[in-house]
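One structure is given below, encoded as structure tokens.
Every chain is numbered from 1, with letters handed out A, B, ... down the list of sequences.
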Number of protein chains: 2
Amino acid sequence: MRVTIKDIAKEADVSITTVSRVLNNKPDVGDDTRAKILKIIEEMNYNPNSVARGLVMQKTHTIGLIIPDISNPFFPQIVRAVEDKAQQLGYSVILFNTDNHLERERKAVELFKSKQIDGLIVSLSLGNEEILKNLKASNYPVVQIDRSVLDHIYPLVSIDNIKSAYQMVEYLIKKGHKKIAHLSGDLNTTTARDRLSGYKKALKDYKIEIKKDYIIEGDYTQDSAYKATQNLLGLKSPPTAVFAANDLSAAGVYKALFEADLKIPADMAVAGHDDINLASLLKPELTTMRQPKYEMGERAVSVLLKMIDDEDAEIEDQILNTDLIIRESV
Amino acid sequence: MRVTIKDIAKEADVSITTVSRVLNNKPDVGDDTRAKILKIIEEMNYNPNSVARGLVMQKTHTIGLIIPDISNPFFPQIVRAVEDKAQQLGYSVILFNTDNHLERERKAVELFKSKQIDGLIVSLSLGNEEILKNLKASNYPVVQIDRSVLDHIYPLVSIDNIKSAYQMVEYLIKKGHKKIAHLSGDLNTTTARDRLSGYKKALKDYKIEIKKDYIIEGDYTQDSAYKATQNLLGLKSPPTAVFAANDLSAAGVYKALFEADLKIPADMAVAGHDDINLASLLKPELTTMRQPKYEMGERAVSVLLKMIDDEDAEIEDQILNTDLIIRESV
DNA sequence: TTGAAAGCGCTAACAT
DNA sequence: ATGTTAGCGCTTTCAA
């Protein structure tokens with residue numbers, strides 16, 4: 001049996017209240033008593049039970065993190081940042097992967113509520129607005145990260161995807177490209193939609209016709225990009241550049257291009273988005289937009305804890321900047 | 001205020017005991033009563049408080065996962081597998097990154113004990129044997145994953161690193177190489193030590209001299225491998241092949257080689273280990289040993305839950321097979 | 001088939 | 001400065 005506060009109290013010949021006091025660094029305990037208790041705690045290797053504590057305090061010092069997939073290289077850095085920051089502030093984080101599956105997202109939230117999690121950081125699919133509304137109704141602290149499913153209900157920590165995509169396409173244009181294709185991400189996400197908008201906007205601003213053939217809907221995976229590129233290559237008039245919605249897709253583009261014996265960027269320029277670790281390891285190195293992933297994770301935790309500590313702290317969205325990272329692929 | 005079992009009881013005009021019974025699918029509840037309670041639970045959107053439940057049951061249905069760094073590409077798949085399997089079996093997982101820092105490892109264990117975690121999956125540094133001994137003393141369920149710090153105390157889920165390295169070096173030899181260097185991983189880990197042993201063993205078996213100059217201690221990072229390769233290149237008699245302790249290091253080798261205008265594998269063959277996602281994306285594609293990362297994660301959970309469910313289940317180490325993945329770099 | 005009561009390990013009024 | 005008591009939300013004897 002584990003040693004409890006009772007055991008300490010008995011051993012020290014005081015009440016458990018007194019022990020509780022020294023445990024929580026409260027005043028009103030005699031120096032000698034405190035010392036004695038501390039000593040016994042040490043000796044008996046006592047560890048307070050946070051479940052019991054959580055029950056009475058209505059606080060678990062645990063937060064939930066709901067993401068699509070930790071094995072997608074975009075997320076590990078975010079998760080690392082969240083865990084680092086949380087740990088630093090005395091919180092633990094429970095991870096949950098959903099694969100953008102509505103049902104699993106719902107299950108995750110259910111689970112977290114039952115576990116009395118203090119707050120939630122989520123990256124949900126569009127279509128689950130209702131889930132957030134319910135959470136909001138019970139005044140549950142939540143912050144959205146990367147993508148938003150519902151504006152002005154819960155704060156979002158992300159980037160300006162429209163602007164970011166715009167900047168990349170603009171760069172492509174300035175490099176002399178007029179025939180620019182876009183391989184979109186999963187259009188059930190706001191990020192993919194916004195990047196597509198940014199792409200269109202840039203073309204429009206530079207008076208370049210938006211061709212349907214040049215826009216292929218994908219899902220952020222290497223594989224979908226690989227196939228899409230093959231399609232592109234089959235066109236009567238193939239593009240000279242492709243802007244992939246994320247770096248993983250860009251890798252898929254590379255693969256298709258290599259197989260067709262095409263040179264990057266001579267035969268076709270390719271640009272990515274996110275600047276995951278992989279980007280600088282590809283040959284040629286990938287030109288891409290860098291997202292401040294680590295910082296996003298940190299901010300999300302900061303914002304969440306602010307909401308936890310102050311119920312009605314009104315918190316604004318945190319929109320961070322991206323950077324154009326020029327390498328060799330454009 | 002959240003709705004509790006009391007509210008349901010009052011609303012249904014029964015005792016909380018009865019509500020608890022239906023919550024836990026116990027028999028001895030009238031069909032009508034059960035139906036009525038179920039309906040009210042639904043209506044009031046009641047969610048049992050698992051903290052309270054955890055306190056009385058002495059079980060939190062939560063496990064801890066201690067790893068060096070989720071942003072090291074070796075780990076996400078393992079974490080994903082652990083989370084998937086745990087979720088599937090009704091458990092949540094709390095993640096903790098330690099960067100192989102002894103102090104943080106200790107802190108993590110402390111935290112998890114206090115949180116009344118049901119079991120632990122750990123990937124610890126050598127030097128923290130004591131921590132596991134203590135855990136064992138309190139009969140805490142633990143499984144080691146990837147690396148072992150203490151044999152025969154807690155089961156290990158991993159691969160045979162000696163054999164795996166041996167196989168790769170043997171392949172290099174059969175490809176005609178005699179001057180083979182090894183860039184080791186962090187020698188505070190058993191994996192790095194074992195891979196080094198396997199390398200030496202293969203050379204010995206094939207009567208190839210083991211040259212000190214050809215063995216450079218690294219730490220599994222791209223950067224250390226980059227520098228090590230530059231050293232290698234400066235030798236009077238540089239190797240014709242290098243076996244990097246992991247794929248990330250291999251990427252570092254690539255970088256140094258490209259900078260020196262050397263061709264892979266013509267000028268220098270390079271082999272990796274692990275087969276992370278990156279390996280097939282490098283140019284030339286990396287020849288490496290594949291670890292069954294996802295399966296390791298799953299097994300770890302299975303073994304752990306077996307230990308949780310049956311205190312004195314004697315469980316053996318799970319040593320999985322690796323596969324030589326021949327691509328273009330050798 | 002149902003309920004009353006004790007207790008899981010802790011914190012927090014409220015006494016003294 | 002210290003102790004008594006109630007109670008957090010639940011499960012589980014034990015009794016009816």
Side-chain angles (χ1 to χ4, degrees), chain A residues 1-38 40-41 44-62 90 110-118 138, chain B residues 1-38 40-41 44-62 90 110-118 138:
Chain A
M1 211 47 207
R2 292 203 48 194
V3 18
T4 74
I5 196 175
K6 232 189 215 155
D7 302 318
I8 303 295
K10 189 184 297 172
E11 192 66 20
D13 200 35
V14 295
S15 74
I16 60 171
T17 310
T18 304
V19 177
S20 175
R21 284 196 182 97
V22 347
L23 244 28
N24 296 288
N25 279 311
K26 298 265 166 94
D28 291 342
V29 177
D31 289 347
D32 36 350
T33 330
R34 166 168 274 127
K36 179 171 64 173
I37 293 176
L38 249 16
I40 292 177
I41 285 178
M44 300 186 72
N45 196 16
Y46 167 69
N47 214 240
N49 179 329
S50 12
V51 174
R53 194 176 262 173
L55 182 58
V56 17
M57 308 277 282
Q58 310 268 40
K59 188 144 175 37
T60 54
H61 284 275
T62 307
E110 206 65 3
L111 174 76
F112 285 144
K113 281 171 74 174
S114 130
K115 288 223 166 191
Q116 312 293 113
I117 289 306
D118 295 332
S138 14
Chain B
M1 211 47 209
R2 292 203 50 192
V3 18
T4 74
I5 196 174
K6 232 188 214 157
D7 302 318
I8 304 295
K10 188 184 298 175
E11 192 66 22
D13 201 35
V14 296
S15 72
I16 61 171
T17 311
T18 303
V19 177
S20 173
R21 283 197 182 96
V22 349
L23 245 27
N24 297 288
N25 280 311
K26 298 267 166 95
D28 292 341
V29 177
D31 287 349
D32 36 351
T33 330
R34 166 167 274 127
K36 178 171 63 172
I37 292 176
L38 249 16
I40 293 177
I41 285 177
M44 301 187 70
N45 194 17
Y46 168 69
N47 213 243
N49 179 328
S50 8
V51 174
R53 193 175 264 173
L55 183 58
V56 15
M57 309 277 283
Q58 311 269 41
K59 189 144 173 36
T60 53
H61 284 276
T62 306
E110 206 65 4
L111 174 76
F112 285 144
K113 281 172 74 173
S114 129
K115 288 225 166 191
Q116 313 293 115
I117 289 307
D118 295 332
S138 15

I need the [atom1]-[atom2] distance between [X] and [N], as an integer number of Å.
X	N	atom1	atom2	result
B:R2	D:dC10	CZ	C1'	13 Å
A:N49	C:dC8	CG	C1'	9 Å
A:Q58	D:dG7	CD	P	14 Å
B:N25	D:dT11	CG	C1'	15 Å
A:K115	D:dG9	NZ	C1'	16 Å
A:L55	C:dC8	CG	C1'	9 Å
B:D28	C:dT1	CG	P	5 Å
A:I41	C:dC10	CD1	P	10 Å

Inset, instruction - Flag the pair B:T33 / B:V22 as yes when at least one side-chain heavy-atom distance between them is below 4.5 Å, and no otherwise. - result: no
For [N], take OP1 and OP2 only and decide whether either is under 4.0 Å from a side-chain N or O of [X].
X	N	answer
A:K59	D:dC8	no
B:T18	C:dG3	yes
A:T4	C:dG9	no
A:Y46	C:dG9	no
A:T33	D:dT2	yes

Inset, instruction - Describe the nucleic acid contact of A:V51 in one word from base, sugar-phosphate, nothing, applying a heavy-atom distance below 4.0 Å. - result: nothing
Legend entry - Donor + acceptor pair across side chains of B:S15, B:T18 (<3.5 Å): yes
Inset, instruction - Compute whether any side-chain donor of one residue and acceptor of the other, for B:R2 and A:Q116, lie under 3.5 angstrom apart. - result: yes
Inset, instruction - Give a yes or no on this: more than 12 heavy atoms of other residues, nucleotides or ligands lie within 6.0 Å of atom CG of A:D31. - result: no
How many angstroms lie between atom [atom1] of [X] and atom [atom2] of [Y], to the nearest 0.5 angstrom?
X	Y	atom1	atom2	result
A:R53	A:N24	CZ	CG	5.0 Å
A:D118	A:K59	CG	NZ	4.0 Å
A:I8	A:S20	CD1	OG	12.5 Å

Mind listing the N/O atom pairs, protein and nucleotides 11-15 of chain C, below 3.5 Å?
from	atom 1	to	atom 2	distance (Å)
C:dT11	OP1	A:N24	OD1	3.4
C:dT11	OP1	A:N24	ND2	3.1
C:dT11	OP1	A:R53	NE	2.7
C:dT11	OP1	A:R53	NH2	3.1
C:dT11	OP2	A:S20	OG	2.7
C:dA12	OP2	A:K26	NZ	2.9
C:dA12	N6	A:T17	OG1	3.0

Legend entry - Pairwise 5' ranking along DNA chain C for A:S50 and B:R34, keeping only the more 5' one: B:R34
